[in-house]
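The structure appears right after this line, and notes come after that.
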2 protein chains.
Amino acid sequence: MSTRARSRSRRGEGGLLRQDILDAAARLLVESGDVEKVTIRAVAADVGVSPPSVYLHFPDKDTLIFDVCQQLFAALDQAIESAAAGLEDPFDRIRARGLAYARFGVEHPEHYRVLFMQKPESAPKGFGPEQLMESAAFAHLLQNAADLIATGLLEPGLEPFPVALELWAVVHGCTSLLISHPNLGLPPVEVLFGQACDHLTRGLLGPDST
Amino acid sequence: MSTRARSRSRRGEGGLLRQDILDAAARLLVESGDVEKVTIRAVAADVGVSPPSVYLHFPDKDTLIFDVCQQLFAALDQAIESAAAGLEDPFDRIRARGLAYARFGVEHPEHYRVLFMQKPESAPKGFGPEQLMESAAFAHLLQNAADLIATGLLEPGLEPFPVALELWAVVHGCTSLLISHPNLGLPPVEVLFGQACDHLTRGLLGPDST
DNA sequence: CCGATAGGTGAACATCGTTCAGCGACTTGG
DNA sequence: CCAAGTCGCTGAACGATGTTCACCTATCGG
């Protein structure tokens, strides 16, 4: 904790504190690995500022925590996309995407919890269902689902949206299971998701599958 | 809140308070629908007893909450088994099982959260990985997986344990997704899980599937 | 230099989980 | 029948939390 006192910002630069708070909270979260350790007082002390100052930039603690985690959301999308880049086959792509997603979740369990496993009420208004569905990550997943359908290999009549949700449910199930029960003797992400993904995609195939 | 004063128990009947506390906590949980509303003080007041009295029967709050939710674990198993009862085909059984599980989770979201979506540290020592794997519910799932394999219809080389985990991951994914994002426009449990289950089980089939 | 205002604080409130010394009614041994 | 013991329970407090509100004060335009 760098409890150094922070010098007051110049006029018009009050917003600088906001980023400092975000950075400190993010640092505390990754270093402690526990959301409950990221307390308003701890963050304020780390920035070198008094607790009430946090409320000049965030309406409440939940919003602060969520904003911290949401910064990882873009990184998640990038990780997924770079994993899928260069793969031609839509089936290879969806597998690589899911694996990257699951790995990301397992490597950032606290963030994943906040983003995807929290009570809906805790999510601030800025991250409702709409924002999730309109996110680049979901758009990419949707596109991949459409590509799968476009191969003509899938069972006829499937729509991209339900297929995307189905795929998401599977990868989310593997990820959250690994996060919540790490000592269960579960196989590593690659195996657990790999098998589930293979079986699910194979089950999506149509009757004329080779 | 029935803040009635509770008369002191007779000698040797101190344990009666334990059940009263459990009942009160359970009632508060279902009535408020929010774990955070189930506070030690609220439970104690509801029973008509002072807060420290709770600690005569529970080491800490997490254990109390968990014990409350664990009471539903047996009910979960019963719900699953009664759903699967009478079904001969192992594929029908696994589908009915999963659906009953998912329905149960969606209908008791707070309990499901505590049991399956919490941080592993929050779970008391009485509900470690071992207890989960040795539970009747998991045994039944494992048996069903074995039955699936015994049909000879599945892809060769599959073992019951990984298959069970895979199935659990899928149904858990659907359940927790519906719990965490109820306003996402997700299809109802029956549809979301139904499709995922059908596709997964079909993907588990071997090459000589009709 | 002056007053307005952006930037930040001190102290407090309500609430939480938890601890600890101790009270008091009831049982029991003599 | 009385004294001692102990079981069941409590009052008061500690430390920590999120949050609010009145207030201060350094800075900047005029």
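First the proteins, then the strands, lettered A, B, ... as listed; each starts at 1.
The side chain of Thr39(B) places no N or O atom within less than 4.0 Å of a non-bridging phosphate oxygen (OP1 or OP2) of dT15(C). Contact annotation: Ser53(B) side-chain N/O to dC9(D) OP1/OP2 distance is not under 4.0 Å.
Relative orientation of the His108(A) and His111(A) rings is perpendicular, given thresholds of 30° and 60° on the angle between their planes. The aromatic rings of Trp168(A) and His181(B) lie tilted to each other, with the angle between the two planes from 30° to 60°.
Look at NZ on Lys61(A): it is 14 Å from C1' on dT15(C), rounded to the nearest Å. Atom pair Ile65(A):CD1 and dG18(D):P shows a separation of 9 Å (rounding to whole Å applied). If you measure from atom CD1 of Ile40(A) to atom C1' of dG10(C), you get 17 Å, rounded to the nearest angstrom. Distance CG (Leu17(A)) to C1' (dA6(C)): 13 Å, rounded to an integer number of Å. Taking atom CG of residue Leu16(B) and atom C1' of nucleotide dG8(D), one finds them 12 Å apart after rounding to whole Å. Atom C1' of nucleotide dC9(D) and atom CZ of Arg6(B) are separated by 10 Å, given to the nearest angstrom. Remark: C1' of dG7(C) and CG of Asp20(A) are 14 Å apart, rounded to the nearest angstrom. Rounded to a whole Å, the CD atom of Glu36(B) is 10 Å from the P atom of dG17(C).
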I would like to know whether Lys37(A) and Glu31(A) meet salt bridge (charged side-chain N to carboxylate O under 4.0 Å, His left out); could you show each step before the answer? CA-CA 10 Å; Lys37(A) 295 286 181 190; Glu31(A) 287 183 1; over 6 Å; no
Could you walk me through whether Gln71(A) and Asp67(A) pass the side chain to side chain contact (heavy atoms under 4.5 Å, CB included) check? CA-CA 6 Å; Gln71(A) 293 189 325; Asp67(A) 284 3; over 6 Å; no
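Checking dT10(D), dG17(C), dT19(D) against every side-chain atom of Tyr55(A), the shortest atom distance belongs to dT19(D). Distance from the side chain of Ser9(A) is smallest to dG7(C) among dT27(C), dT20(D), dG7(C). Side-chain proximity of Val49(A) to dT9(C), dT18(C), dG18(D): nearest is dT9(C). You'll find that the side chain of Arg8(A) is closest to dG7(C), out of dT10(D), dT18(C), dG7(C). For Asp60(A), whose side chain is taken as the heavy atoms from C-beta onward, the closest listed nucleotide among dT18(C), dT19(D), dG24(C) is dT19(D). Listed candidates were dA12(D), dG18(D), dC16(C). Nearest to the side chain of Arg41(B) is dC16(C). You'll find that the side chain of Arg11(B) is closest to dG5(D), out of dG5(D), dT19(D), dG17(C).
Across all strands, Leu56(B) comes closer than 4.0 Å to base atoms (heavy-atom distances).
Toward the 5' end of DNA chain D, the nearer of the two residues Pro59(A) and Ala42(A), judged by each one's closest nucleotide, is Ala42(A).
Centroid-to-centroid, the aromatic rings of Tyr101(B) and Tyr112(B) come within less than 6.0 Å.
For a distance-only test at 3.5 Å, the side chain of Arg10(A) fails to qualify as a donor-acceptor partner of the base of dG7(C).
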